[in-house]
Peer 1: 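Before I ask anything, here is the structure I am working with.
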There are 2 protein chains.
Amino acid sequence: MTSGETMPEKPELDFPRPLTTVDVVIFAIRSDALQVLLVQRPKAETEPFPGAWGLPGGFVDIAGDRDLEACAARKLKDKTGVVSPYLEQLGSWGSAGRDPRGWSATHAYFALLPEQAAGGALAADAQWFAVEGERVRPKLAFDHAEILQAAVQRLRSKVEYTSLPAYLMPVEFTLPELQRTYEIVLDRPLEKSAFRTRMLAADLIEPVAKMRKGPNRPAQLYRLKKAKAPVFFARTFNPPD
Amino acid sequence: MTSGETMPEKPELDFPRPLTTVDVVIFAIRSDALQVLLVQRPKAETEPFPGAWGLPGGFVDIAGDRDLEACAARKLKDKTGVVSPYLEQLGSWGSAGRDPRGWSATHAYFALLPEQAAGGALAADAQWFAVEGERVRPKLAFDHAEILQAAVQRLRSKVEYTSLPAYLMPVEFTLPELQRTYEIVLDRPLEKSAFRTRMLAADLIEPVAKMRKGPNRPAQLYRLKKAKAPVFFARTFNPPD
DNA sequence: TAAGTTAGTTGGACTGTACAACTAAGTATG
DNA sequence: CATACTTAGTTGTACAGTCCAACTAACTTA
């Protein structure tokens with residue numbers, strides 16, 4: 001017990017403890033859409049939700065995991081082979097009913113992967129799914145649909161006033177490409193000139209001496225500045241009403 | 001396990017589980033200052049951090065607590081006797097070393113109490129402490145200083161662009177009193193006219209047919225509208241630089 | 001009646017977005 | 001080789017809301 005609650009005579013260390021897990025919501029932009037990485041649960045009938053899709057995650061390894069974030073980073077690396085440039089705690093879900101095996105609590109994280117990292121080799125049981133609204137097509141195990149919904153809401157909310165989408169970009173990118181990423185996540189168009197003004201005013205990106213060439217006018221390429229901490233803006237974009 | 005991680009032959013239900021607790025950071029405005037409720041740990045030498053101050057909290061009661069939030073609400077009520085109008089999950093902290101008894105994880109919440117609720121009778125081991133910067137005077141048990149710091153940061157951050165301080169007010173209050181609460185939490189002065197414009201434009205408060213009388217010009221009294229969900233503003237106040 | 005204090009309003013400067021029209025630079029087409 | 005088409009990027013005006021400062025309003029006390 002980590003509190004000052006009045007205690008009985010002897011420590012309650014033998015009290016039943018909840019099952020404790022960590023789950024990770026991993027986002028990336030793929031095929032011009034926001035996608036999330038899911039894993040298929042084993043099909044053994046002894047398992048809860050056999051064969052269903054769910055968030056990557058699992059038990060905390062008391063022997064191997066130093067802390068919760070290290071545990072989340074480990075699970076992310078297990079499934080994608082890469083280290084995420086952005087890993088944030090999302091919240092925790094714990095209740096008597098969310099796992100059929102008994103009272104359980106999960107610590108949820110969410111991660112952003114740049115496009116190239118999301119294109120690498122996945123674990124055999126892992127697969128990308130498009131986020132449609134705040135959900136995915138398959139019915140998810142446990143309360144993972146609820147956790148995913150919270151993750152999408154948190155992501156959309158923060159994209160309104162931070163530079164988080166920069167972590168979804170490749171090393172070099174153009175301003176229209178960055179704007180497109182914002183628009184994909186927010187699912188609404190943004191004003192071009194206001195977007196450029198804001199991004200260039202923030203001490204966030206710097207031009208590289210190259211252009212992105214395509215069928216039309218070439219665009220200036222930028223990269224994130226060394227200071228990689230996300231930038232917070234003083235306003236949201238279009239007051240979403 | 002609440003995830004799709006590949007599993008060994010049999011369920012790992014016998015794996016060692018972390019100690020699991022819930023802690024609550026309870027804020028109120030008292031004596032024109034931001035204060036937090038702490039409890040003194042029992043002095044028995046068998047306890048970790050005997051006699052030290054810490055956050056209210058304790059073990060999850062698998063038999064009695066439906067979910068984590070109910071557990072947090074219970075602990076809040078135990079110490080203050082009241083129900084908070086605002087209870088938000090703050091995050092979770094889990095590691096091998098934060099509790100001397102072994103690998104442990106705590107689910108932290110933060111709550112806002114209106115002045116009158118904070119003035120009631122407390123549990124015998126509980127006491128209010130002024131928040132100075134992002135800390136309190138006494139050295140806290142476990143990693144509670146870190147959790148408190150995160151709570152203060154979260155509160156200050158949200159006060160920049162939400163109506164959260166309204167939950168720290170009594171039922172009826174004036175606009176200057178509300179502004180003073182914002183200033184206490186943010187620890188910086190705000191512009192009077194911009195503050196009034198913002199608050200009155202938000203569909204947040206409504207005037208009551210009474211005035212606050214004092215030694216000077218009386219002030220219009222307001223109360224929160226029925227729709228009690230916090231309001232999000234499109235801008236922060238003074239870009240805190 | 002005058003001074004002091006706090007409540008509340010008003011107006012101009014300034015910042016940054018909204019909207020729309022414009023110029024710039026490339027490819028593809030006839 | 002001229003023209004259309006597309007996307008990159010700029011410019012200008014309107015507007016919303018804050019910042020800053022001065023102002024008026026209402027009450028108490030001396």
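Remember, predicted model here, so these are calculated numbers, not experimental data. Note: hydrogens, waters and symmetry copies are ignored here, and every other heavy atom, side chains too, is used. Note on naming: letters A, B, ... go to the chains in the order of the sequence lines (proteins, then strands), and numbering restarts at 1 for each one.
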Peer 1: Of the listed nucleotides (C/dT9, C/dA18, C/dG26), which one gets closest to any side-chain atom of A/Asn216?
Peer 2: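 The closest nucleotide is C/dG26.
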Peer 1: Any N or O donor-acceptor pair linking the side chain of B/Ser193 to the base of D/dC19 at under 3.5 Å?
Peer 2: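 Per atom types, no contact qualifies.
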Peer 1: Do the side chain of A/Lys192 and the base of D/dG9 come within less than 3.5 angstrom through a donor-acceptor pair of N or O atoms?
Peer 2: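 Yes, a donor-acceptor pair under 3.5 Å.
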Peer 1: Which nucleotide in the set C/dT15, D/dT10, D/dT18 lies at the smallest distance from any side-chain heavy atom of B/Thr197?
Peer 2: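 Side chain of B/Thr197 sits closest to D/dT18.
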Peer 1: Are any of B/Arg198's side-chain N or O atoms less than 4.0 Å away from OP1 or OP2 of D/dT18?
Peer 2: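 For B/Arg198, the contact criterion (side-chain N or O under 4.0 Å from OP1 or OP2 of D/dT18) is met.
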Peer 1: Without decimals, in angstroms, what is the distance between B/Arg212 CZ and D/dC27 P?
Peer 2: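 Computing the B/Arg212:CZ to D/dC27:P distance gives 16 Å.
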Peer 1: If you apply the rule side chain to side chain contact (heavy atoms under 4.5 Å, CB included), what do you find for A/Tyr161 with B/Tyr161, and how did you get there?
Peer 2: CA-CA 11 Å; A/Tyr161 60 92; B/Tyr161 60 91; 3.5 Å; yes
Peer 1: Between A/Ser163 and A/Tyr182, does a side chain to side chain contact (heavy atoms under 4.5 Å, CB included) hold up when you go through it step by step?
Peer 2: CA-CA 9 Å; A/Ser163 62; A/Tyr182 270 84; 4.2 Å; yes
Peer 1: Have A/His107 and A/Ser92 got a donor and an acceptor in their side chains that come within less than 3.5 Å?
Peer 2: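 No, no side-chain donor-acceptor contact under 3.5 Å.
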Peer 1: Tell me, please, which residues at least two apart from A/Glu191 pass salt bridge (charged side-chain N to carboxylate O under 4.0 Å, His left out).
Peer 2: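 None.
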Peer 1: Can you figure out which of C/dA18, D/dT10, D/dC19 approaches the side chain of A/Ala194 most closely?
Peer 2: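 Nearest to the side-chain atoms of A/Ala194, counting from C-beta on, is C/dA18.
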Peer 1: Please tell me which of the listed nucleotides, C/dC19, C/dA7, C/dT17, lies nearest to the side chain of A/Glu191?
Peer 2: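 Among C/dC19, C/dA7, C/dT17, the one nearest the side chain of A/Glu191 is C/dC19.
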Peer 1: With the side chain of A/Gln220 defined as its heavy atoms from C-beta on, choose the nearest nucleotide among C/dA7, C/dC19, D/dG9.
Peer 2: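 Nearest listed nucleotide: D/dG9.
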Peer 1: From CE of A/Met211 over to P of D/dA8, roughly how many Å is that when rounded to an integer?
Peer 2: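 Between P of D/dA8 and CE of A/Met211: 11 Å.
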Peer 1: Of the nucleotides D/dG9, C/dA7, C/dT17, which has the atom closest to the A/Arg196 side chain?
Peer 2: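 Closest nucleotide among those given: D/dG9.
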Peer 1: With respect to the phosphate group of D/dG9, does any side-chain polar atom (N or O) of A/Arg217 fall under 4.0 Å of OP1 or OP2?
Peer 2: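 No, no such contact exists.
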